[in-house]
Engineer: 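Take this structure first; my questions come after.
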2 protein chains.
Amino acid sequence: MSARMTAIYYRVAEDLKEKIMTGKLLPGEMAPSESQLVEAYGISRMTVRQGIGLLVDGGYLYSVPGKGYYVAAPNLDKIIIDASQDRFFGQKMKVTLKKVDVVTADDTLAAKMETRAGEIILRMQLTLNSREGPVALDCRYLPYRKGEPLLENELQYADFPHIAARHSKVVLARSQFTIGAVLLAVEEAKALETEPGTAALCIEQLLFDRGGKPLGWSRMVCRSDRYVMTGVAYPYAERV
Amino acid sequence: MSARMTAIYYRVAEDLKEKIMTGKLLPGEMAPSESQLVEAYGISRMTVRQGIGLLVDGGYLYSVPGKGYYVAAPNLDKIIIDASQDRFFGQKMKVTLKKVDVVTADDTLAAKMETRAGEIILRMQLTLNSREGPVALDCRYLPYRKGEPLLENELQYADFPHIAARHSKVVLARSQFTIGAVLLAVEEAKALETEPGTAALCIEQLLFDRGGKPLGWSRMVCRSDRYVMTGVAYPYAERV
DNA sequence: TAGTGGTCTAGACCACGGA
DNA sequence: CCGTGGTCTAGACCACTAA
């Protein structure tokens, strides 16, 4: 956070973190109390608290009012996948807009968008390419709004959440992903220059506004020989 | 974080968050300065800073020293997948330990574990079942340590990171996931009670210690008709 | 009762940015 | 120059926990 790492509170946090990371303080054990640290460093309590706050936020410590601070057990339960559009889940990819049209929603599409079957939906079809060739087909759906032409430029270069947010003139609140495996259909395989029946990743993304209403849906199929998703899990939020 | 939501700093944060969420403060705009909030609420600067700190940590605001606080643009780039073992990526699953044995590492396994081919590796094979039947096969590998019998009880109920950490007597630092799509092999399909050539999710997990050394590797194949991974992306870390 | 963390105050000095 | 946020102080009162 701070550019200068020379702050005293920062030093307090580093020292405590070091004790935790080297096993001098084990999960479940009590960390030094605030007053002990005030004493040890010869600084004021608020400064000590600022340092401890970094470790609490980072998941290293948790506090029990009336008792003290305890060392938290590391946990690797949350996988984080970097889905920045320009890097396409960690890899550089060239995005090409193939087609924009409108379709009438069938039952499944209507269910996803929480609208009625027969509703008019805007559809965008994109291809993602790496140097080796086509990697994925992405099909994105937005509610159709007449009199609001979308700029193809934007469609091609902005990521889906941004397009959907601008299209609906709202702020996005949440995005939900579903990741599965499918066999490529004939047309999909053709577009991806491979054989039908090849295994592919299928990544669906549903966008919601603050009211929990769906703003857009996308379905992407990826040649699994050219692309795998990667994610990491860290026990701590690195802040110190 | 705090049990009582009646703290003044908490109120400051809530009020600012409300302004951001309702569009009264737009991304890129400058938030009220600390001194303005001191004035407006009639409280001291440190209390104001505590409130603002919640929003900064939550990703609502960022500070530019010498200038002020700005409203951050919401970003949905980080997908979070809850991989708690007992819920198996969000779904309840019965885990059965099928076999524990030792194998000699072939080239690919040796590469994953960063050891030499021919090295002895401990292998655990598990099956995951839902009410509908078998869902996934999980094969886990740990470096073999003689004289350290693993308790089958633990193997069955503890999650892989915990087993690996205890086995190697270290603290885990990181876990890396690779998610792809594969076609089920004959034996896999048989164990999963389906046909060879069915599409399946393949989730690999590599565990590292603090020195970046691999501590364990697992490969799981999941019937995609019975299981899909789900993840969410939130623009903000909810703290207020 | 003594110790803990949670909240809050009213100051202070600093580095940085912009007019 | 003044306003901004970043750091730090030396107190205070509170609710809670444990002995």
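Just the heavy atoms: all of them, side chains too, but no hydrogens, waters or symmetry mates, feed the values below. Convention: sequence-line order gives letters A, B, ...; per-chain numbering from 1.
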Engineer: For K67(B) and dG17(C), give me the distance from atom NZ to atom C1', rounded to whole Å.
Structural biologist: 7 Å

Engineer: Side chains of E204(A) and S218(A): do they bring a donor and an acceptor to under 3.5 Å?
Structural biologist: no

Engineer: Whether R11(B) and D15(B) form a salt bridge (side-chain N of Lys/Arg under 4.0 Å from carboxylate O of Asp/Glu) is what I want to check.
Structural biologist: yes

Engineer: Quick check: any donor-acceptor pair below 3.5 Å linking the side-chain of R45(B) to the base of dT7(D)?
Structural biologist: yes

Engineer: Determine which pairs satisfy ring pair (Phe, Tyr, Trp, His ring centres under 6.0 Å) with at least one residue from residues 42-66 of chain B, sequence neighbours left out, and list them in order.
Structural biologist: Y60(B)-Y236(B), Y62(B)-Y70(B)

Engineer: Among the candidates dG5(C), dT7(D), dG5(D), find the nucleotide nearest to the side-chain atoms of A7(A).
Structural biologist: dT7(D)

Engineer: Going by the rule side-chain hydrogen bond (donor to acceptor under 3.5 Å, both in side chains), which residues pair with T127(A) if we only count those two or more places apart in sequence or in a different chain?
Structural biologist: none

Engineer: Please report the distance, rounded to the nearest Å, between OH in Y9(B) and P in dG6(C).
Structural biologist: 8 Å

Engineer: Closest approach to the side chain of I8(B), judged atom by atom: which nucleotide of dG6(D), dT9(D), dC8(C) is it?
Structural biologist: dC8(C)

Engineer: Distance to the ring centre below 6.0 angstrom and angle to the axis at most 45 degrees; does that hold for R174(A) and F208(A)?
Structural biologist: yes

Engineer: If you take any heavy atom closer than 4.0 Å to DNA chain D, which residues from residues 28-43 of chain A end up in contact?
Structural biologist: I43(A)

Engineer: Among the candidates dG6(C), dC8(C), dC8(D), find the nucleotide nearest to the side-chain atoms of T47(B).
Structural biologist: dC8(C)

Engineer: Distance only, no hydrogens: is a donor on one side chain within 3.5 Å (strictly under) of an acceptor on the other, for E34(B) and Y69(B)?
Structural biologist: yes

